[in-house]
S.K.: 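One structure, pasted below without further comment.
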Amino acid sequence: MLKRTKIKTLLQSEQTIAQVLVKGWVKTKRDSKDFSFIEINDGSCLKNIQVIANNTLNNYNEIKKLTTGSSVAVTGALVESAGGKQKYEIKADNIEIYGIAPEDYPLQKKGMSDEFLRTIAHLRPRTNKYGAAFRVRSRLSYAIHNFFQERGFVYVHTPIITASDCEGAGEMFQITTLDLKNPPLLPNGEIDYSKDFFGKESRLTVSGQLNGEMYACALGNIYTFGPTFRAENSNTQRHAAEFWMIEPEMAFADIYDNMDLAEDMVRYLVKDIMENCAEDLDLFEKFVDPTLKQTLSNIVDNGFARITYTEAIEIMQKSGHKFEYEPVYGIDMQTEHERFLAEEHFKRPVIVRDYPKEIKAFYMRLNDDGKTVAAMDVLVPRIGELIGGSQREERYDVLVEKIKETGMDIKNYEWYLDSRKYGTVPHAGFGLGFERMMMLVTGIANIRDTIPFPRTPKSVSF
RNA sequence: UCCGACUUAGCUCAGCGGUAGAGCAAUCGGCUGUUAACCGAUUGGUCGUUGGUUCGAAUCCGACAGUCGGAGCCA
């Protein structure tokens with residue numbers, strides 16, 4: 001019994017093969033007088049393989065009805081192509097039709113807008129561009145694991161469901177099994193969450209960081225890589241309600257170790273994709289971002305600029321550039337500021353560190369100046385913030401004070417504080433938005449086109 | 001959530017006060033080792049929803065919804 005060979009393998013073949021079996025979907029068909037050209041794609045690579053179907057095939061009348069999107073199994077000889085544009089083609093001995101795609105098949109042979117393709121997100125992976133995007137996505141995931149595993153980081157699965165309602169990173173989705181039309185109530189009229197599934201209010205995680213820190217303070221270096229949820233009503237090209245985040249955490253590390261890791265990781269990932277997804281990147285450069293390879297090479301070759309927040313403000317003030325919001329010390333950086341630094345001033349990724357404590361999260365380590373915290377953001381051209389991280393506050397008393405200042409309930413953070421109470425160590429980590437990394441390596445402008453079935457406000461179809 | 005634009009055939013768009021048009025797709029036919037093939041014909045739309053102005057609205061005004069772009073939140 002002949003086994004199926006992937007098209008990618010056939011196209012890389014050193015020689016012709018007497019008999020092969022390919023299975024896939026019809027991309028396009030052109031009929032000639034006595035035979036048909038059928039291009040088949042099976043998702044293994046960008047390229048199709050051309051099949052020659054002669055009218056001597058016993059089911060040629062059926063084969064002539066094949067439409068774009070139909071599925072087939074083709075048996076035949078892999079031969080040198082008589083036509084110009086491809087090395088090999090298959091002379092079919094037999095074509096089995098699995099399923100015809102009726103005339104309302106929505107994918108056309110010509111270009112379709114990303115906006116339209118989002119409305120058929122279940123079929124868009126069959127297009128060249130989305131097929132390429134999701135092959136890259138797979139490779140990028142693999143490369144992330146490789147990067148950390150090669151460095152001895154332990155992969156930790158942090159929980160998706162959490163009861164700490166204030167991780168400080170945004171609005172959260174509540175989850176419940178209570179009957180929303182008729183919830184159990186306390187005497188004071190409030191909802192009685194002791195009757196809920198977990199016995200208390202629970203939500204979807206906005207970050208695995210606090211859990212990750214606990215494992216770093218045991219296993220040394222760890223990373224998480226999993227789904228993350230934000231219930232913010234964000235309507236931008238770079239926000240999704242459900243996305244994947246990578247969060248490494250290193251014990252016995254400071255903010256400089258953290259910056260080194262972030263830079264090494266981004267450059268490693270870009271290099272890996274350039275080496276392993278070259279054909280797909282060609283497509284993105286041709287149809288999505290003509291400067292893509294130049295951008296990626298720049299990242300791999302040149303390294304990142306590193307400045308402090310204070311220096312960043314000074315650079316902008318002295319630049320003579322007209323900002324809508326004047327850069328003055330103490331403000332949170334606007335998108336226009338981030339883009340100016342990465343795109344115009346440095347023309348490459350830049351890491352900004354040591355932000356005023358007022359504009360950053362409670363767990364970030366207070367610097368000796370008493371004014372700033374050891375936070376660092378990696379800003380990249382076009383996308384803005386790719387990575388946000390910090391050295392964590394390891395001093396018990398300082399951390400308790402910060403939690404109180406923020407107005408949070410210490411009781412909810414006792415488990416977190418235990419890591420500082422029992423053998424505290426300096427440690428640091430960051431969060432990388434996986435889809436933003438996808439945007440960086442593919443040039444795709446909208447985050448909705450980097451994730452198979454995007455979840456954004458007013459959109460949960462599929 | 002705020003600001004702006006947009007919503008007309010399956011897709012991309014034109015029409016901007018007198019009851020709808022193109023290209024592509026699809027369907028049918030022709031031609032050709034073709035390759036986002038080519039040529040011809042055909043089919044296809046209560047112009048986002050809902051109020052209003054008007055003799056008459058796809059076209060003007062309002063509300064709502066959705067989409068896109070920018071901003072905020074951040075990954």
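Everything quoted here is computed from the prediction, not taken from an experiment.
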S.K.: Could you check whether A:Arg139 pairs with A:Asp272 (Lys NZ or Arg NE/NH1/NH2 to Asp/Glu carboxylate O, under 4.0 Å)?
M.R.: yes

S.K.: Over how many whole Å does the gap from A:His239 atom NE2 to B:rC68 atom P extend?
M.R.: 15 Å

S.K.: Base, sugar-phosphate, or nothing for A:Leu386, non-hydrogen atoms under 4.0 angstrom?
M.R.: sugar-phosphate

S.K.: Is there a donor and acceptor pair, one atom on the side chain of A:Gln108 and one on the base of B:rG10, closer than 3.5 Å?
M.R.: yes

S.K.: Taking only side-chain N and O atoms of A:Arg30, does any of them lie within less than 4.0 angstrom of OP1 or OP2 on B:rA37?
M.R.: yes

S.K.: What is the separation between atom CD1 on A:Ile100 and atom C1' on B:rU27, rounded to the nearest whole Å?
M.R.: 15 Å

S.K.: Is there a donor on the side chain of A:Arg436 or the base of B:rC74 sitting less than 3.5 Å from an acceptor on the other?
M.R.: yes

S.K.: So what's B:rA25 paired with, Watson-Crick or G-U wobble, going by both distances under 3.5 Å?
M.R.: none

S.K.: Looking at B:rG66, does its base get a donor-acceptor pair with the side chain of A:Glu115 below 3.5 Å?
M.R.: no

S.K.: Between the side-chain atoms of A:Ser234 and the base atoms of B:rC73, is any donor-acceptor pair under 3.5 Å?
M.R.: yes

S.K.: Between A:Asp354 and A:Asn367, does the side chain to side chain donor-acceptor pair (under 3.5 Å) criterion hold? Intermediate values first, please.
M.R.: CA-CA 8 Å; A:Asp354 297 335; A:Asn367 286 326; 3.0 Å; yes

S.K.: Both conditions, 6.0 Å and 45 degrees, for the charged tip of A:Lys371 above the ring of A:Tyr329: are they met here?
M.R.: yes

S.K.: Choose from B:rG70, B:rA75, B:rU35 the nucleotide whose nearest atom is closest to any side-chain atom of A:Glu39.
M.R.: B:rU35

S.K.: How many Å lie between CG on A:Asp114 and P on B:rC68, as a whole number?
M.R.: 10 Å

S.K.: Identify whether any heavy atom of A:Phe434 sits under 4.0 Å from a base atom; if not, whether one sits that close to sugar-phosphate; answer base, sugar-phosphate or nothing.
M.R.: nothing

S.K.: Going by purine N1 to pyrimidine N3 plus the second Watson-Crick contact, or the G-U wobble pair, all under 3.5 Å, which nucleotide sits opposite B:rU49?
M.R.: B:rA63

S.K.: Regarding A:Lys65, tell me which of base, sugar-phosphate or nothing describes its non-hydrogen contacts under 4.0 Å with the strands shown.
M.R.: nothing

S.K.: Is A:Gln50 touching bases, backbone alone, or none of the nucleic acid, heavy atoms closer than 4.0 Å?
M.R.: base

S.K.: Base, sugar-phosphate, or nothing: which does A:Thr236 touch, judged by heavy atoms less than 4.0 Å apart?
M.R.: base

S.K.: Could you tell me how far apart A:Glu338 (CD) and B:rG70 (C1') are, to the nearest whole angstrom?
M.R.: 15 Å

S.K.: Please give the distance between the P atoms of B:rG10 and B:rU43 as a whole number of Å.
M.R.: 16 Å

S.K.: I'd like the P distance from B:rA57 over to B:rG51, given in whole Å.
M.R.: 14 Å

S.K.: Base, sugar-phosphate or nothing for A:Glu242? Non-hydrogen atoms, less than 4.0 Å.
M.R.: nothing

S.K.: Here's one to test your reading of the geometry: is the NZ or CZ of A:Arg126 within 45 degrees of the ring axis of A:Tyr105 and under 6.0 Å from its centre?
M.R.: no

S.K.: How far does the P atom of B:rG23 sit from the matching atom of B:rG40, given to the nearest Å?
M.R.: 10 Å

S.K.: May I ask you to verify whether the side chain of A:Arg238 and the base of B:rA75 hold a donor-acceptor pair under 3.5 Å?
M.R.: no

S.K.: Would you say the side chain of A:Lys109 and the base of B:rG10 hold a donor-acceptor pair, judged only by whether the two atoms sit under 3.5 Å apart?
M.R.: no

S.K.: Give a yes/no on whether any side-chain N or O of A:Gln86 is located under 4.0 angstrom from OP1 or OP2 of B:rU34.
M.R.: no

S.K.: So A:Asp31, base contact, sugar-phosphate only, or nothing? Heavy-atom distance under 4.0 Å.
M.R.: base

S.K.: Expressed in whole Å, how much space separates the C1' atoms belonging to B:rG18 and B:rG72?
M.R.: 47 Å

S.K.: When you compare the ring of A:Phe37 with the six-membered ring of B:rG33's base, are the centres less than 5.5 Å apart and the planes under 30° from each other?
M.R.: no

S.K.: Please report, rounded to the nearest Å, how far the P atom of B:rU12 is from the CG atom of A:Leu107.
M.R.: 13 Å

S.K.: Under 4.0 Å between a Lys/Arg side-chain N and an Asp/Glu carboxylate O for A:Arg448 and A:Asp114?
M.R.: no

S.K.: Would you call the rings of A:Tyr223 and A:Tyr155 parallel, tilted or perpendicular, where under 30° means parallel and over 60° means perpendicular?
M.R.: parallel

S.K.: Without decimals, in angstroms, what is the distance between A:Glu103 CD and B:rC11 P?
M.R.: 15 Å

S.K.: When the P atoms of B:rG21 and B:rG44 are considered, how many whole Å apart are they?
M.R.: 13 Å

S.K.: Rounding to an integer number of angstrom, what distance separates B:rG48 and B:rC6 when you compare their C1' atoms?
M.R.: 11 Å

S.K.: Any ion pair linking A:Glu96 and A:Lys23 (charged N to carboxylate O, less than 4.0 Å)?
M.R.: no

S.K.: Can you tell me if the side-chain N/O atoms of A:Gln334 get under 4.0 Å from OP1 or OP2 in B:rA71?
M.R.: no

S.K.: Please state how far atom CG in A:Asn233 lies from atom P in B:rG70, giving the value in whole angstrom units.
M.R.: 16 Å

S.K.: Below 4.0 angstrom from OP1 or OP2 of B:rA26, is there any side-chain N or O of A:Thr67?
M.R.: no

S.K.: Please report the distance separating the P of B:rA20 from the corresponding atom of B:rG45, rounded so that it comes out in whole Å.
M.R.: 13 Å

S.K.: Considering only heavy atoms and no angle criterion, is a donor-acceptor pair shorter than 3.5 Å present between the side chain of A:Glu232 and the base of B:rU1?
M.R.: no

S.K.: Using the P atom as the point on both nucleotides, what is the distance between B:rU50 and B:rA37, in whole Å?
M.R.: 41 Å

S.K.: Quick check on B:rG33: is either OP1 or OP2 less than 4.0 Å from any side-chain nitrogen or oxygen of A:Ser32?
M.R.: yes

S.K.: Between A:Lys458 and A:Asn446, name the one whose nearest nucleotide on RNA chain B is closer to the 5' end.
M.R.: A:Lys458

S.K.: Could you check whether the rings of A:His321 and A:Phe323 sit parallel, tilted or perpendicular, using 30° and 60° as the cut-offs?
M.R.: tilted

S.K.: To the nearest Å, give me how far apart OH (A:Tyr355) and C1' (B:rC74) are.
M.R.: 12 Å

S.K.: Does OP1 or OP2 of B:rG29 have a side-chain N or O of A:Lys64 closer than 4.0 Å?
M.R.: no

S.K.: Both distances under 3.5 Å, Watson-Crick or G-U wobble: report the partner of B:rC2, or none.
M.R.: B:rG70

S.K.: Taking pairing as Watson-Crick or G-U wobble with both contacts under 3.5 Å, can you name the mate of B:rC38, or confirm there isn't one?
M.R.: B:rG30

S.K.: Output yes when A:Arg436 and A:Glu385 qualify as a salt bridge under the 4.0 Å nitrogen-oxygen rule, no when they do not.
M.R.: no

S.K.: Does A:Asn235 contact B:rU1 through a side-chain donor or acceptor facing the base, at a distance under 3.5 Å?
M.R.: yes

S.K.: Of A:Pro102 and A:Lys91, whose nearest nucleotide on RNA chain B comes first from the 5' end?
M.R.: A:Pro102

S.K.: Ring-plane angle category for A:Tyr416 and A:Phe362, please: parallel below 30°, perpendicular beyond 60°, tilted otherwise.
M.R.: perpendicular

S.K.: Hey, is the side chain of A:Ser113 poking within less than 4.0 Å of OP1 or OP2 on B:rU12, counting only N and O atoms?
M.R.: yes

S.K.: With respect to the side chain of A:Lys85, which nucleotide from B:rG33, B:rU67, B:rU35 is positioned closest?
M.R.: B:rU35

